Amino acid sequence: MERVLSGMRPTGKLHLGHLEGVLKSYIEMQNTYEVYYMVADWHALTTDYENPGNVKDNTIEMYKDWLSVGISPEKATLFIQSEVKEHSELYLLLGLLTPVPWLERNPTYKEQKQEIKDRDLSTYGFLGYPVLQAADILLYNAHKVPIGEDQRPHLELTREIARRFNFLYGKFFNEPKEILTQMPKLPGIDGRKMSKSYNNAIFLSDPQNVVEEKVRQMFTDPLKIKKDDKGHPDNCVVCAFHTIYNKEILDDIIKECRQGKRGCVDCKKQLAKKLNEVLTPIREKRSEIEKNNDKIKDIIKEGNKKAAQTAKETMQIVREKMKLKLDF
Ligand code: TRP
């Protein structure tokens with residue numbers, strides 16, 4: 001069976017945008033591949049090293065989000081990067097053969113260094129971010145890696161590093177392929193991209209009344225003021241959500257809105273109801289998980305152990321190929 005590895009940085013609660021994008025592909029892939037899903041806590045620290053305070057709590061939250069949407073610890077190996085020390089060893093070894101210019105010209109790196117101004121990112125660790133990511137992937141010799149568009153340069157680098165390793169020490173690593181997780185056209189409640197940092201997200205863990213309130217606050221067509229004004233659904237956040245969550249009746253919704261036969265208040269109520277239908281089973285699963293704290297600890301420990309097993313096997317071979325293995 002082909003292997004899949006993916007990781008998410010534990011930066012906070014997951015939201016509907018994650019569910020429609022990356023989480024759905026995580027869930028799907030656990031049935032057809034041998035999957036490893038990792039909490040990339042070291043990666044989170046490459047930018048948050050000055051304030052590591054939330055990393056542990058966020059890691060636990062991430063497990064809860066994963067489990068509550070149906071990622072199964074029986075099918076997937078769910079583990080924490082920093083608990084499998086082999087990641088750091090491979091990171092070091094791959095760093096030896098990675099030319100610095102490869103890292104300096106990485107577009108994601110250049111962009112983030114430009115954009116993130118409130119932290120000092122002129123660190124060795126931040127430059128080496130993709131080397132650590134390459135180590136994550138190659139440690140499990142993954143064939144496929146589900147990622148968002150912004151991660152493409154990192155995967156290209158992973159392949160380049162794998163090729164260089166294979167060239168220098170003999171073929172061992174696969175050149176992993178990306179599986180682009182389709183970005184849902186799901187805006188935040190203010191119409192910008194849904195993101196925790198924009199304060200516009202609907203979280204998987206939001207209770208029913210919070211979802212209702214957030215939907216009430218959604219931006220609608222500014223030209224539709226009264227109930228029977230004709231609306232422009234193309235320019236409405238509520239409609240963007242209906243497009244995903246009320247597909248079956250979307251044509252009617254759009255027609256009624258355009259004809260001035262649908263008020264925004266009712267339209268929002270209908271959406272909130274639907275979103276809560278989607279989120280109720282997720283909430284129920286979450287509260288079940290939260291009732292049994294030991295169970296989640298067991299899942300984490302078990303996942304770490306399983307990941308470490310594979311990681312150890314890889315490192316045996318890597319050390320041998322790099323002439324680091326003692327034969328006594
Ligand atoms: N860099 C990824 C992100 O920010 C997270 C990540 C870390 C990752 N290691 C990985 C993703 C390995 C895929 C494979 O989203």
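One-based numbering, in listed order, for ligands and for the atoms of each. Note that these values count all heavy atoms, side chains included, but never hydrogens, waters or copies made by symmetry. Keep in mind that what you see is a predicted model, and the values were worked out from it rather than measured.
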Discussion item. Using a 3.5 Å distance criterion without hydrogens, assess whether the side chain of Asn106 forms a donor-acceptor pair with backbone atoms of Leu103.
Written reply: no
Worksheet item: Which protein non-hydrogen atom lies closest to atom 4 (O) of ligand 1, naming both residue and atom, and how far is it?
Response: Arg9 NE, 2.9 Å
Practice prompt. Indicate the ring-plane relationship of Phe79 and Tyr36, choosing parallel, tilted or perpendicular according to the 30° and 60° boundaries.
Written response: perpendicular
Worksheet entry | Distance from atom 7 (C) of ligand 1 to nearest protein heavy atom, with residue and atom | His43 ND1, 3.3 Å
Worksheet item: Under 4.0 Å from any heavy atom of Ile147, which atoms of ligand 1 are there?
Response: 13 (C)
Discussion item. Atom NZ of residue position Lys117 - does it have more than 12 heavy atoms of other residues, nucleotides or ligands inside 6.0 Å?
Written reply: yes
Worksheet, complete the sentence: Of all protein heavy atoms, the one nearest atom 5 (C) of ligand 1 is Gly7 O, 3.4 Å
Worksheet item: Going by atom types only, do Glu213 and Gln217 share a side-chain donor-acceptor pair under 3.5 Å?
Response: yes
Fill in: Heavy-atom neighbours of Lys230 NZ exceed 12 at 6.0 Å
no
Item to complete: Go through the side-chain N and O atoms of Asp41 and Thr59 and say whether any donor and acceptor fall under 3.5 Å apart.
Response: no
Item to complete: Check each of Asp136, Thr11, Val4, Leu5 against atom 14 (C) of ligand 1 and report the one with the nearest heavy atom.
Response: Leu5
Item to complete: Can you establish whether the number of heavy atoms outside Lys171 located under 6.0 Å from its atom NZ is more than 12?
Response: yes
Discussion item. Determine whether a donor-acceptor pair (N or O, by modelled atom type, separation under 3.5 Å) exists between the side chain of Asp221 and the backbone of His232.
Written reply: yes
Worksheet item: So is there a nitrogen or oxygen of Gln133 less than 3.5 Å from a nitrogen or oxygen in ligand 1?
Response: yes
Response to the item:
the protein heavy atom lying closest to atom 1 (N) of ligand 1 turns out to be Tyr129 OH, 2.7 Å
Discussion item. Give me the nearest non-hydrogen protein atom to atom 2 (C) of ligand 1 as residue plus atom name, then the distance to 0.1 Å.
Written reply: Gln151 OE1, 3.2 Å
Worksheet entry | Gln81 near ligand 1 by a heavy-atom separation under 4.0 Å | no
Response to the item:
A student checking ligand 1 against Ile137 at a 4.0 Å heavy-atom cut-off should list atoms 12 (C), 14 (C)
Item to complete: With heavy atoms of Val145 as the reference, note each atom of ligand 1 found under 4.0 Å away.
Response: 13 (C), 14 (C)
Worksheet item: Counting from 1, what ligand 1 atoms have a heavy atom of Ala40 closer than 4.0 Å?
Response: 7 (C)
